[in-house]
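Structure first, then comments.
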Amino acid sequence: MYSYWGFGLNINSTIEFPELLPAVFDQPDVHIFKGTVPMQLEGDNVVHLVKVSMNSTAYLHSVPDVADYYVSNGNEICVEAKPGADEKSIRLFLLSNAMAAVLHQRDVIPLHAAAVYHEDGIVLFCGHSGAGKSTTVTALQKKGYTVFSDDVCVLQYDENAELVALPSYPMIKLWADSFQKIGLNAAQETDKLRPELAKYSRFYHNEFDVSARKIKQVFILNGNAKGDNPEIEKLGSLAAFKLLQQNTYRHSQMNAMNKRAIHFSMISKLTSEVAVYKISRPGNRNTIDELIALIESNLPGYD
Amino acid sequence: MTDLKTIPKKIIWLASYPKSGNTWFRAFLTALLGEGDLNINAMKTDGIFSSRRIFDSSADLNSTFLYDREVKNMLPDIYRCQARNFERDRLFIKVHDAYTLNANGAPIIPEEPSLCAVYFIRNPLDVACSFAGHNGGTIDEAIELMNNENGYLAKQPGNRNVNNQFAQLMLSWSGHVKSWNKNLPFPVLVLRYEDMLADTKAVFTRAVLFMKIDATEEQIDKAIAETKFEKLQQQEGKTGFAEKNRNSKQFFRKGISGDWVNELTPLQVKMIVDKHQEVMHRYGYLAVHAS
């Protein structure tokens with residue numbers, strides 16, 4: 001049995017996850033194991049989408065040629081691998097889908113955001129897949145910033161009812177061309193996320209810290225703007241709310257599991273407390289240096 | 001996916017090789033169904049087949065983690081799900097993919113939710129000119145793609161897979177036309193762009209009847225008047241057009257037929273005609289060329 005910390009949870013697993021942070025604890029929050037998943041979910045409250053069915057306590061997901069996953073009660077993930085499936089793919093879809101279902105089942109909201117530490121908190125970078133979140137935090141890491149989380153930040157209220165974020169796990173996912181854009185050595189074949197995918201993992205276990213942090217500021221990235229240069233715009237709280245709620249992680253889960261109210265309350269609190277900027281950059285050229293300059297000159301405390 | 005028999009037939013595919021009148025027709029449909037002023041950036045049709053947003057919402061997946069063949073294998077179920085979950089009785093979905101089989105051996109366009117398709121065809125000599133403008137590339141590059149048996153639209157460099165649309169296998173121009181016009185399991189109405197220009201009212205009325213849309217002659221007249229090419233062009237000039245390729249100057253470029261005479265070299269004409277003469281002949285484009 002392996003023991004890990006990830007997404008704010010203590011995880012026991014019969015499957016090894018090099019992506020997660022090894023941890024020691026008495027009581028696990030979540031148990032991951034290999035087994036046989038149910039054929040289907042039934043009931044009036046079950047929402048059926050494509051190869052996935054769910055209600056607020058059960059989630060059944062099939063990834064063709066990879067695995068079937070059954071998530072229940074926010075504390076169990078049962079994995080039934082397909083014949084011949086590779087372990088990396090099995091782990092990737094568990095971390096990106098089944099874990100999101102665990103969080104939603106526990107009334108915790110995963111936000112589609114990467115983050116770096118700044119002053120006594122963190123700065124979030126939200127955006128859809130491909131918007132440049134991972135490339136941005138890796139470029140900032142190269143400049144000396146410490147990465148808080150890649151792709152997902154978990155929002156929750158702390159004991160003082162303050163909104164805080166927890167990191168997911170110490171791995172950044174980058175497309176092959178991002179290594180060159182940022183000026184890093186080319187990635188290794190062994191770092192591929194899936195055998196035929198040109199996307200690679202970068203671990204940062206040594207820098208990873210599991211403490212919850214206050215959010216100091218939010219940047220929403222749009223990586224496919226029509227203009228020629230990156231542009232930044234400070235958003236009013238209503239516009240910020242509208243854009244941020246489009247950056248939910250797995251919004252199909254949020255809707256089907258009836259978690260919209262929790263999500264809205266957290267986003268609403270976030271946009272009332274911190275500055276939210278929208279950065280638009282063209283997708284047809286490498287703008288990473290301009291983008292980083294724009295971000296740094298708009299960080300809290302910049303003179 | 002549950003019982004295939006319970007999937008309602010409600011998808012009308014608006015299929016074409018790019019630059020063949022598809023967007024003009026969608027503007028007409030928007031005006032017809034909306035009965036209001038046309039805003040080209042708020043078309044009333046229901047997205048494009050290759051949309052990543054539709055896919056990810058329907059499958060609760062981050063499709064940037066998927067291989068292209070996995071996406072194509074799941075697409076039929078995505079549109080069965082769309083047909084089941086949308087309350088309206090018709091969905092109009094634009095598609096530039098050729099009608100092909102995925103790695104599972106199934107058509108990427110599923111039979112069960114498909115009500116019918118309207119297929120737009122345009123003289124490939126004019127398509128080449130318009131397509132070059134659309135891509136911000138040269139006419140030779142457009143011809144190379146149109147002659148490529150394995151031609152893709154929106155394929156990303158470096159095997160990246162993050163754009164709003166998945167890569168779309170179009171085959172060659174002839175391959176595309178043939179794929180959509182070979183005994184498909186739903187009715188297909190072919191509309192020639194040249195006929196749409198020459199007698200807009202007759203052609204659009206035929207399409208409206210084919211799609212079984214209730215509309216009066218007056219409503220059709222009004223929708224045609226609202227979507228005259230000059231009006232679309234004017235609106236693009238004022239507000240821009242979100243569907244324009246960032247490399248092109250304007251989407252609504254000329255909107256005429258036969259202009260290839262002024263734009264193509266004899267060698268370019270030969271490259272297109274040599275490759276596509278069978279299909280050009282079938283749809284009456286070789287006679288035009290000969291004259």
Side-chain angles (χ1 to χ4, degrees), chain A residues 40 47-54 59 61-66 88-89 92-93 95-98 100-101 112 127-132 135 151-152 173 175-181 193-199 223-228 246 249-257 282-284, chain B residues 1-3 6-7 41 52-85 102-104 106 110 135-136 154 156-166 239-248 251:
Chain A
Q40 56 185 11
V47 173
H48 298 280
L49 297 173
V50 176
K51 303 199 184 300
V52 60
S53 307
M54 63 193 105
Y59 176 87
H61 184 214
S62 179
V63 182
D65 301 327
V66 176
K88 284 184 169 183
S89 297
L92 178 66
F93 291 105
L95 291 170
S96 62
N97 282 72
H112 209 177
H128 298 296
S129 298
T135 305
D151 205 32
V152 176
K173 300 186 278 288
W175 290 99
D177 61 347
S178 293
F179 287 81
Q180 193 190 356
K181 275 185 194 166
L193 283 182
R194 299 186 71 194
E196 296 173 45
L197 197 70
K199 200 168 191 180
N224 203 19
K226 302 272 182 194
D228 293 327
Q246 291 168 12
Y249 190 70
R250 303 283 162 270
H251 65 96
S252 308
Q253 290 187 16
M254 177 184 76
N255 291 331
M257 296 185 190
N284 63 338
Chain B
M1 200 74 189
T2 44
D3 191 358
T6 65
I7 297 168
N41 289 307
R52 183 184 301 282
R53 185 184 57 77
I54 292 175
F55 185 102
D56 287 9
S57 304
S58 308
D60 188 34
L61 270 175
N62 176 351
S63 58
T64 67
F65 294 154
L66 295 178
Y67 307 144
D68 190 58
R69 70 165 184 278
E70 294 174 325
V71 170
K72 300 295 191 277
N73 282 342
M74 287 179 73
L75 276 173
D77 271 348
I78 299 293
Y79 286 90
R80 290 180 185 115
C81 180
Q82 285 290 102
R84 197 195 301 273
N85 290 350
N102 60 26
N104 285 342
N135 295 331
Q156 289 191 245
N159 281 332
R160 273 173 73 93
N161 171 34
V162 297
N163 279 357
N164 295 340
Q165 290 183 27
F166 298 117
T239 63
F241 184 37
E243 295 180 35
K244 180 183 83 70
N245 187 319
R246 64 165 297 123
N247 297 323
S248 85
F251 186 95

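Treat the numbers as computed from the prediction; the structure is a model and nothing was measured. Letters A, B, ... mirror the listed sequences (proteins, then strands); counts begin at 1.
Contacts between Leu197(A) and chain B at a heavy-atom distance below 4.5 Å involve backbone atoms as well as side-chain atoms. Heavy-atom distances place the side chain of His61(A), and not its backbone, under 4.5 Å from chain B. Using a 4.5 Å cut-off between heavy atoms, Asn73(B) does not touch chain A at all. For Ser96(A), the part lying near chain B is the side chain, with the backbone staying farther off; criterion is any non-hydrogen pair under 4.5 Å. Interface remark: Arg53(B) contributes no atoms to any contact with chain A (heavy atom separation under 4.5 Å).
Around CG of Asn163(B), the count of heavy atoms belonging to other residues, nucleotides or ligands within 6.0 Å exceeds 12.
Between the CD1 atom of Ile7(B) and the CD atom of Gln82(B) there is a distance of 12.0 Å, given to the nearest 0.5 Å.
Using a 4.5 Å heavy-atom cutoff, the side chains of Phe93(A) and Asn62(B) are not in contact.
The candidate with the highest count of non-hydrogen atom pairs below 4.5 Å against chain B, out of Asn255(A), Leu92(A), Leu193(A), is Leu92(A). Comparing Ala100(A), Ala256(A), Ser53(A), Pro195(A) by how many heavy-atom pairs each has under 4.5 Å with chain B, the most go to Pro195(A).
The ring-ring contact (aromatic ring centres under 6.0 Å, His included) pairs that include a residue from residues 59-79 of chain B are Trp13(B)-Tyr79(B), Phe49(B)-Tyr79(B), where partners are two or more places apart or lie in different chains.
Under the side-chain hydrogen bond (donor to acceptor under 3.5 Å, both in side chains) criterion, Asp56(B) pairs with Ser63(B), sequence neighbours left out.
Checked by atom type and distance alone, the side chain of Asn104(B) never pairs as donor or acceptor with a backbone atom of Ala106(B) at under 3.5 Å.
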